[in-house]
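Since we're looking at a predicted model, the values are computed, not measured.
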Amino acid sequence: MCNDNNKPVTGTMTVANLHAIGDLRIEQKEIPTCGDDEVLVKIKYCGVCGSDIPRILSKGTYHFPTVPGHEFSGQVVYDKSGEYTGKRVAVFPLLPCFACENCKEERYVQCTNYDYYGSRRDGAFAEYLAVKKFNLIELPEGVSDEEGAMCEPVSVANHAIKKLEIARGEHLLITGAGPIGLIAAMWARSKGAADIYFVDIDERKLELAKSFGFKAYDSAVRIDAVLEGTGASSAITAAIGAVRSGGRIVLMGNPSFDVSLTAKVYQDILRKEIHLSGTWNSSYGERVNDWKESLAAVSEGKLPIKGLISHKVALEKAFDAVKMMAERKEFYCKVMIEL
Ligand SMILES: [Zn+2]
Ligand SMILES: [Zn+2]
């Protein structure tokens, strides 16, 4: 468990390593050594993100082999300075260049030359990972390791809901009842939204949404704001149709295909004077930090995210879990790898 002596950890560790598209292998690797600005994190949980499915099964990573996994928590078992040793942490997975114009404005997710744990460099489908101190965020008491591993989707949802500027008593529609949509709904409720409605093609996802007190959308409802979580033309069309005149739509879903709208639907954006904007990832700066807000909200019990975990699997079963998700063999919401 805890490395009380704060000594470097050496030897080998088990990882799930992506050697080619569709070739995720369980193997042994050297435990990484830490640079001066890094600590060694013993991984506790790593979520399987929706984006990991194409990363592992169809699109691949930037180079092979790469250890996937960017939604994780763990415990620092070695920090040369001793500062973080023993602490439980979540990790912001993006490594900014700190040199580009966006980085100078703390817009790290718009960095033009970034690195990323679990896609551009090795991530947390592994027993250990060397992590830059900049990327560490300490888990407050009352936030479990599982919840810590969900800090990334919680922060993405937080960022998106802030863009929607929900006013008390408003009616919100969310298209797509996956983990981020559901977490976004929890955020919106914590900000005083009245009713929160969902559309999803999967009836079981709607049932899950209802179990958290959210509703299935019905076209008689006047919708003030929409969070579009799918990137699908049909859902964007539905969002434009549902929102009231002068309402807001925030686009969050990352499209897998080209998006097209009919002229009629496009005209609705104009006629209804819809405020349309995009959201991307999350803020992790000194001035604005979605991650710190997320952990505070979880520790205060505002976001019942634990109820989203549908599967916990061993690292050895990571590939099976990814295939299960891709083929929708079972109903799932948040799938976690437990280390
Ligand atoms: Zn993710
Ligand atoms: Zn940069």
Could you list the residues that satisfy salt bridge (Lys or Arg N to Asp or Glu O under 4.0 Å) with [X], not counting sequence neighbours?
| X | value |
| --- | --- |
| Glu105 | none |
| Lys132 | Asp37 |
| Lys87 | Glu138 |
| Glu327 | Lys329 |

Donor-acceptor pair, distance only, cut-off 3.5 Å: does the side chain of [X] make one with the backbone of [Y]?
| X | Y | answer |
| --- | --- | --- |
| Glu106 | Arg287 | yes |
| Asn135 | Phe92 | yes |
| Ser283 | Asn289 | no |
| His171 | Val221 | no |
| Ser282 | His159 | no |
| Asn158 | Asp290 | yes |
| Arg88 | Gly74 | no |

Query - Tyr84 and Tyr78 aromatic centres sub-6.0 Å - result: no
Report summary line: On a heavy-atom basis, the closest approach of Pro32 and Met13 is CD-CE, 3.6 Å
Query raised in the report: Who pairs with Gln28 by side-chain contact (heavy atoms from CB on, under 4.5 Å), at least two apart in sequence or on another chain?
Result: Thr12, Thr14
Report task. Identify, with sequence neighbours excluded, every residue that meets side-chain contact (heavy atoms from CB on, under 4.5 Å) alongside Glu300. Result -> Ala296, Lys302
Query raised in the report: Quick one: salt bridge (Lys or Arg N to Asp or Glu O under 4.0 Å) pairs with a partner in residues 218-242, sequence neighbours left out?
Result: Asp224-Arg244
Query - Where at least one partner belongs to residues 181-199, residue pairs that pass salt bridge (Lys or Arg N to Asp or Glu O under 4.0 Å), sequence neighbours excluded - result: Asp195-Lys215
Query raised in the report: Ile137 versus Lys292: any side-chain heavy-atom pair under 4.5 Å?
Result: yes
**Report entry** ring pair (Phe, Tyr, Trp, His ring centres under 6.0 Å) partners of residues 175-215, not counting sequence neighbours, each pair once
**Finding:** Phe198-Phe214
**Report entry** Selection residues 228-274 - residue pairs positive for ring pair (Phe, Tyr, Trp, His ring centres under 6.0 Å), sequence neighbours left out
**Finding:** none
Report summary line: So the side-chain hydrogen bond (donor to acceptor under 3.5 Å, both in side chains) pairs with at least one residue in residues 267-279 (sequence neighbours excluded) are Lys264-Asp268
So that I can tick it off, tell me whether [Y] and [X] are bridged by a salt bridge, with the cut-off set at under 4.0 angstrom between side-chain N and carboxylate O.
| X | Y | answer |
| --- | --- | --- |
| Glu71 | Lys334 | yes |
| Asp115 | Arg121 | yes |
| Arg204 | Glu207 | no |

Query raised in the report: How would you list, by chain and number, every residue that makes a ring pair (Phe, Tyr, Trp, His ring centres under 6.0 Å) with Phe331, sequence neighbours excluded?
Result: none
Query raised in the report: If you measure only the distance, is there a donor-acceptor pair under 3.5 Å linking the side chains of His19 and Glu27?
Result: yes
Requested in this report: Give a yes-or-no answer on whether the side chains of Ser155 and Glu152 include a donor-acceptor pair shorter than 3.5 Å.
Outcome: no
Report task. Assess whether side chain to side chain contact (heavy atoms under 4.5 Å, CB included) is satisfied between Glu146 and Lys312, documenting all intermediate values. Result -> CA-CA 10 Å; Glu146 291 98 314; Lys312 281 186 186 175; 2.8 Å; yes
